[in-house]
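To start, the structure itself, in structure tokens.
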Amino acid sequence: MKLGVVGTGYVGLVTAAGFAARGHHVTCVDIDAAKVASLENGIVPWYEPGLSEIVIAATAIGKLHFTTDIKLAAEGADILFIAVGTPPNEDGSADTSAVFGAAGDIGDAVTSPVSVVIRSTVPVGTAHSVRSLIAERAGFTCPVLSNPEFLREGKAVPDFENPTRVVIGSDHAGEEQALHALYAEHTPAELIVTVDTHSAEMSKYASNSFLAAKISFMNEIATLCEAVGADIEHVRKVMGFDPRIGSAHLAPGIGYGGSCLPKDTQAVVHMGRSSSLDMGLLEQVHRVNVEQPARIVERLRTALGGSLAGKRIALWGLSFKPDTDDMREAPSLVLISHLAREGASICAYDPMAVTHARALLDGQLEYAEDKYQCVQDAHALVIVTEWNEFKNPDWKTVRDLLATPIVFDGRNIHDPNEMAEHGIEYYSIGRQPAGTPDNDRAQDVQNSSEEQKNLLQEETLEPASRS
Ligand code: UDX
């Protein structure tokens, strides 16, 4: 098929390159000429494992093209995707100006009806409004469908290739045929779900805000565990055996970030408020998340004698999660603003995100070349993002470089007992300090749950893997 994709961001480019790699002729449109030029040269302006390879390969065989001229993409297209960003407005609502801008441009460019597919995450009802706008501008009606994406940054390419589901929103019988055929080439029919556009649009928001709720739920339980002497990692393991709960997205930590979970959760709250509904549950999900970095600062202040003024804090990790250089809504940004406000000096190291961090945090902190240089003379180290290289450092070197051997593990990637053996004063989320009787008992629980897991595997129930 001949496809057009408006928007060459995380979603648009993965979608375009993915379909081009399957042999379709795809033309990407972006208003940013510099971005179009770099993409034509196979340069993807952000890190996404495997993406630049498929962009280069598909471009080389003439299947993937980039332009600023929407008419080139619209000409003879079977399907036109709208995959532009919908960032949050101040009030938490989704800014859909780029979506309606693309729709208007499509309306002006098309000369005959073409399927228009909204891949961006948009408030419920957007497909309806886009349909009217295009009809007004084109002088004829185009089918407008919803096709929300469920791609995770860092895994976007495999998530496109092996989707857990393909959602098609269509309000007029038969209009989904072209889009359904496009996906059916590679996606088992049972994974393609066709619903009305309102439900398709809502399903994306409901999925993301539920994932956010799982994370904030665990972070709230983790805070309770700290107070009552339980270990959240053992609680999480026990919960994960229940397939109704699952173990994914149950990891406690410094909080969730990224371009989706924060904005989508707040967009749902805004949609509810606009319908005069109380969205207390999701408001609390957001509140717990916003307060999580502040809780770490509070505990850090106590560990450092009651004040952070003049203290040097090392941060391992700036990106909102590993395997991406994306800093959007990263918890590190909230942590840094709290630390700076309390007079601490900060030195950070991240394998990939420093370029974006410099643009966002001009002059607020120092950047180290590696994780060891980062901890030199620091009064404490905070592990913010669980990059692999932070999982097995040389703790003797770290301890010798730190001014005081204090480590806050914001992602619970280390074991309290092992850290105590390294002579580190170790703090983490929802767990007891090493050496407390509870913690020793927790070790017994850890061992017994390993035995239990093996037993369960022998039976049939496949225990949820630790994600
Ligand atoms: C998310 C959804 O997972 C994806 O389906 C949707 O299409 C886009 O939004 P993404 O934002 O890339 O994907 O990241 P995700 O892997 O969900 O992590 C989001 C944030 O939650 C990260 O900051 C991560 O550190 C945090 N997180 C994730 C936790 O704190 N605990 C967990 O158990 C999982």
Side-chain angles (χ1 to χ4, degrees), residues 9-12 14-15 46-49 51 83 85-88 119-122 147-160 162-167 200 203-222 232-233 235-237 239-240 245-268 285-286 288-290 292-293 295-296 317-335 350 353 383-387 390 409-413 428-430 464-467:
Y10 284 85
V11 174
V14 172
T15 301
W46 68 87
Y47 177 69
E48 179 62 48
L51 181 57
T86 53
R119 194 119 164 91
S120 307
T121 303
V122 292
N147 176 222
E149 48 78 24
F150 297 94
L151 310 177
R152 293 165 296 171
E153 288 189 40
K155 298 188 175 60
V157 173
D159 282 354
F160 179 84
N162 303 296
T164 50
R165 71 283 206 203
V166 169
V167 176
S203 64
K204 169 69 179 177
Y205 279 114
S207 298
N208 272 4
S209 45
F210 183 71
L211 292 170
K214 282 187 91 171
I215 295 165
S216 281
F217 173 84
M218 291 307 282
N219 284 334
E220 192 154 81
I221 295 292
I232 189 66
E233 290 303 328
V235 170
R236 173 187 177 206
K237 188 185 299 294
M239 291 171 69
I245 299 174
S247 60
H249 272 65
L250 282 184
I254 192 170
Y256 60 79
S259 62
C260 297
L261 266 55
K263 80 172 173 67
D264 292 353
T265 305
Q266 293 185 81
V268 173
V285 166
H286 175 66
V288 167
N289 194 55
V290 167
Q292 204 61 1
R295 286 184 34 72
I296 287 204
L318 292 170
S319 60
F320 82 94
K321 72 176 195 178
D323 298 330
T324 177
D325 56 359
D326 196 349
M327 288 286 295
R328 286 177 290 182
E329 305 290 329
S332 61
L333 297 173
V334 181
L335 179 68
D350 185 290
I383 301 173
V384 182
T385 311
E386 66 279 26
W387 285 94
F390 303 147
D409 186 351
R411 295 291 182 186
N412 285 3
I413 55 178
S428 59
I429 307 281
S465 61
R466 182 187 174 89
S467 65

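Whatever order the structure lists them in is the order used to number ligands and atoms, beginning at 1.
- Residue Ser259 has no nitrogen or oxygen atom sitting less than 3.5 Å from a nitrogen or oxygen atom of ligand 1, judged on distance alone.
- With ligand atoms numbered from 1 in the order given, ligand 1 contributes 7 (O) to contacts under 4.0 Å with heavy atoms of Glu149.
- In terms of polar-atom proximity, defined here as any N/O pair under 3.5 Å, Arg411 does make such a contact with ligand 1.
- Remark: side-chain polar atoms of Asn219 are paired, donor with acceptor, to backbone N or O of Gly253 under 3.5 angstrom.
- Against a heavy-atom cut-off of under 4.0 Å, Tyr256 is close to the following atoms of ligand 1: 20 (C), 21 (O), 23 (O), 26 (C).
- Checking Glu153, Arg152, Lys155 one by one against Thr324, the side chain to side chain donor-acceptor pair (under 3.5 Å) holds for a single residue, Glu153.
- Taking every heavy atom of Cys260 and a limit of under 4.0 angstrom, the matching atoms of ligand 1 come to 8 (C), 9 (O).
- For Lys321 and Glu386, the salt-bridge test fails: no basic side-chain N is under 4.0 Å from an acidic carboxylate O.
- Heavy-atom proximity to Phe150, at under 4.0 Å, picks out these atoms of ligand 1: 5 (O), 7 (O).
- Among all heavy-atom pairs drawn from Pro148 and Ala200, the shortest one is CG-O, 3.5 Å.
- The atoms of ligand 1 that sit less than 4.0 Å from any heavy atom of Leu211 are 2 (C), 3 (O).
- Remark: among candidates Lys321, Arg328, Glu329, Gln292, the nearest residue to atom 14 (O) of ligand 1 is Lys321, based on non-hydrogen atoms.
- Comparing heavy-atom distances from atom 4 (C) of ligand 1 across Leu151, Thr164, Ile429, Asp159 singles out Leu151 as nearest.
- Residues Lys214 and Ile245 come closest through the heavy atom pair NZ-O, 3.1 Å.
- For ligand 1, the polar-atom distance check finds an N/O of Phe320 within less than 3.5 Å of one of the ligand's N/O atoms.
- Residue Leu250 has at least one heavy-atom neighbour below 4.0 Å for each of these atoms of ligand 1: 33 (O).
- Taking the side-chain contact (heavy atoms from CB on, under 4.5 Å) definition, one finds that Val334 meets it with Pro293, His338, sequence neighbours left out.
- Shown here is Phe150, whose CZ atom has more than 12 heavy atoms of other residues, nucleotides or ligands within 6.0 Å.
- In this structure a side-chain-to-backbone donor-acceptor pair under 3.5 Å is present from Thr86 to Thr121.
- Taking a cut-off of under 4.0 Å to the non-hydrogen atoms of Leu261, the atoms of ligand 1 that pass are 1 (C), 2 (C), 9 (O), 19 (C).
- Residue His249 holds the heavy atom nearest to atom 17 (O) of ligand 1 of all those in Lys263, Arg152, His249.
- The heavy atom nearest to atom 19 (C) of ligand 1, out of those in Ser247, Pro331, Gly257, Gly258, is found in Gly257.
- Thr265 is linked by a side-chain contact (heavy atoms from CB on, under 4.5 Å) to Ser209, Ala212, Tyr256, Leu282, Val285, counting only residues two or more places apart in sequence or in another chain.
- The nearest non-hydrogen atom to atom 31 (N) of ligand 1, considering only Pro252, Ala251, Ala212, comes from Ala251.
- In this structure, Lys214 falls outside the shell of residues with a heavy atom less than 4.0 angstrom from ligand 1.
- Panel note: side chain Arg411, backbone Thr385; no donor-acceptor pair is recorded below 3.5 Å.
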